[in-house]
There are 2 protein chains.
Amino acid sequence: MSVTTPHGFRAAGVTAGLKPSGKPDLALVVNDGPSHNAAAVYTGNRCKANPVLWSEQVSADGIVHAVVLNSGGANCYTGQAGFQTTHRTAEAVAEELGISASDVVVCSTGLIGAPLPEDKLLPGVATAAGRLSADGGDDAAGAIITTDTHAKTVELAGEGYSVGGMAKGAGMLAPGLATMLVVLTTDADVDAATLDGALRTACAQTFDRLDTDGCMSTNDTVVLMASGASGITPDAADLTALVTEACAQLTAQLHTDAEGAHHDIAITTRGAATETDAVTASRAVARSNLFKAAVFGNDPNWGRVLAAIGTTDAAFTPAEVDVAVNDVWVCKAGTPHADPATVDLTPRAVSVTIDLHAGSSDATIWTSDLTHDYVEENSAYST
Amino acid sequence: MSVTTPHGFRAAGVTAGLKPSGKPDLALVVNDGPSHNAAAVYTGNRCKANPVLWSEQVSADGIVHAVVLNSGGANCYTGQAGFQTTHRTAEAVAEELGISASDVVVCSTGLIGAPLPEDKLLPGVATAAGRLSADGGDDAAGAIITTDTHAKTVELAGEGYSVGGMAKGAGMLAPGLATMLVVLTTDADVDAATLDGALRTACAQTFDRLDTDGCMSTNDTVVLMASGASGITPDAADLTALVTEACAQLTAQLHTDAEGAHHDIAITTRGAATETDAVTASRAVARSNLFKAAVFGNDPNWGRVLAAIGTTDAAFTPAEVDVAVNDVWVCKAGTPHADPATVDLTPRAVSVTIDLHAGSSDATIWTSDLTHDYVEENSAYST
């Protein structure tokens, strides 16, 4: 049920005709209240898509009544005409629902630089509005996927309230945020500032640590809407924990469905002077094409791990670093230790552990191996 | 003739047995003077290989008598024992030549984390010393290659003096420096400070702008030795220009021989506020796996160019940026312009031009496409 698991929400997923495949490509999620508090986080990319430019304004006041999402086109670098398309999409939603366009977040995903056809998009909005349902969450989740092999959803129960969510994202997954659209809902009764704090904390620990290919999207959006329909106002810490868990489950689903991946790699740096250092070191490894290609070849090439962390400013002494692959310590104190031949890299899940011996902080970055399938999918995406 | 084109140098390339293939794997280049001034630049990676740790000390006084280079093993992350191997290699050279070990630069290339077998390396040094010849430059150039498909050499004539050089490098090519070993020689009579200035200027414009896969090596070394045998002391600007041209020619050879590349891509950013901004923007595109995979698929996916530069802090306004692929302006002022279908990406050479409209500086970064062959070569390298 994803976003319609919490009370107070209706959703729909329909085919507007934006995807040549004819698969569902337009989703609508509506908060029927009584509360309409919301928070949102957007891509850190400076080249923002038109829907992001629009939605940043919409969510700035902490009030969101509806989110409309389309796959089949990113509406990014489509100029002023593209911004007007986003604006008209929000107005179409507003008209159907009797709300203000300035309370409608718009999300788009797909190819950059191609205009979205309004003659398909706007009728699609009307169709979606007509099909809104309190059990439409799964339809909505299915309509936003692109190269994803399956829809990503989550439902979690709190004390008298719940959190639901849906996500799409398979490529261009890098932080600030990973490339994805996420809608989270809750029927808790929470003010916008508390939602914002919960969402930012959750994203920093989850989506921001997924880095499958180092490429940051122009369209990333994560929205959290609270209907207040449960009448329950949870403790901020409880809400943050539940939202973080929801984001963690969606992150894991995004991770294991990353384009072309044969291995799901978790890179943990521990013994770091700061959490930032741990993230930096792990991320450098996550972005090493040489290391990622080695994992694809089931080769525990720890030299490439060290070469990667050596490019960072994290605090460590090269001669003190330990590295384990799938819990086999192949490098201790900067020298070869266990025989790399004893590392079994045939399972899909791979762990890399780096101990910097420089402090007590740790962090994990999730990435994928670099495979023929990744190259194939991404060389053929727009052609 | 590469490094032995200038007068005053002898070189040799022999098989020490470090490579399982039995191909030449040890090179020796000796400066017979009368001058022994030298300059060197090393990897910016903090995890430096033992030969780099050694050679930084050797070249610090601006005097180098000989350079010994091996392929078949990087001698990196091999601990104190590995440093002793480097030290004993320098001592073996010194003993053969009747010079001081503290004037012998040592370079190694190959797999990280595997010890170099001294029982092969040290006899190899003796063999190489016995074969030193004033026309041994090509043998030396052939002995340092790894996954290179051919040796890289350069010979340039100045006014009464010359510059010669050899390089190896095919993967892990990223700046500060690209992954490579380079020995440059000149028979000009030049002090060490002038050599240092010339070499740093040359590297910044050439090797440092080659970024085939974003991975920085632990072993990169560029050494420039001056014998003074011509008796000519060129103007510093003339020398800098000739050394820069030699480095540019070697960079081009490294670029077009990059592992698995099907396209040689030159990414030029112009209209930048500063040269640093131009380098930063071009480098971000060079590191976008999504863009590099698109080029492999002959897809002029300019949206991925914009998504990449949007992650940088270069000065520009997203709505003002132009992008051309192979001189077709597919994006003007942040909106679609020429039809991408008119871009012919079948030739091996590809140019990407980004105009930031933020100033008058420009810079080019050279990279490669992301191909099945790259994945294959790098997933099978150590196994």
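Any value given below was found using the heavy atoms of this structure, including those in side chains, with hydrogens, waters and symmetry copies removed.
At a 4.5 Å heavy-atom cutoff, Asn219(A) makes no contact with chain B through either its backbone or its side chain. In this structure, chain A has no heavy atom under 4.5 Å from any part of Phe291(B). Interface residue Thr312(A): backbone and side-chain heavy atoms are both found under 4.5 Å from chain B.
Ser368(A) and Lys292(A) form no side-chain donor-acceptor contact under 3.5 Å, judged by distance and modelled atom types alone.
The aromatic rings of Trp302(B) and Tyr77(A) lie perpendicular to each other, with more than 60° between the two planes, well past the 30° mark. By the 30° and 60° cut-offs, the orientation of the rings of Phe296(A) relative to His262(A) is perpendicular.
Here Leu306(A) is the residue among Val321(A), Thr335(A), Val295(A), Leu306(A) with the most heavy-atom pairs under 4.5 Å with chain B. Ranked by heavy-atom pairs under 4.5 Å with chain A, the list Val330(B), Thr311(B), Asp369(B), Thr78(B) is led by Thr311(B).
A distance-only check finds no donor-acceptor pair linking the side chain of Ser282(A) to the backbone of Val279(A) [under 3.5 Å]. Without hydrogens or angle criteria, Ser55(A) side chain to Val52(A) main chain gives no donor-acceptor distance under 3.5 Å.
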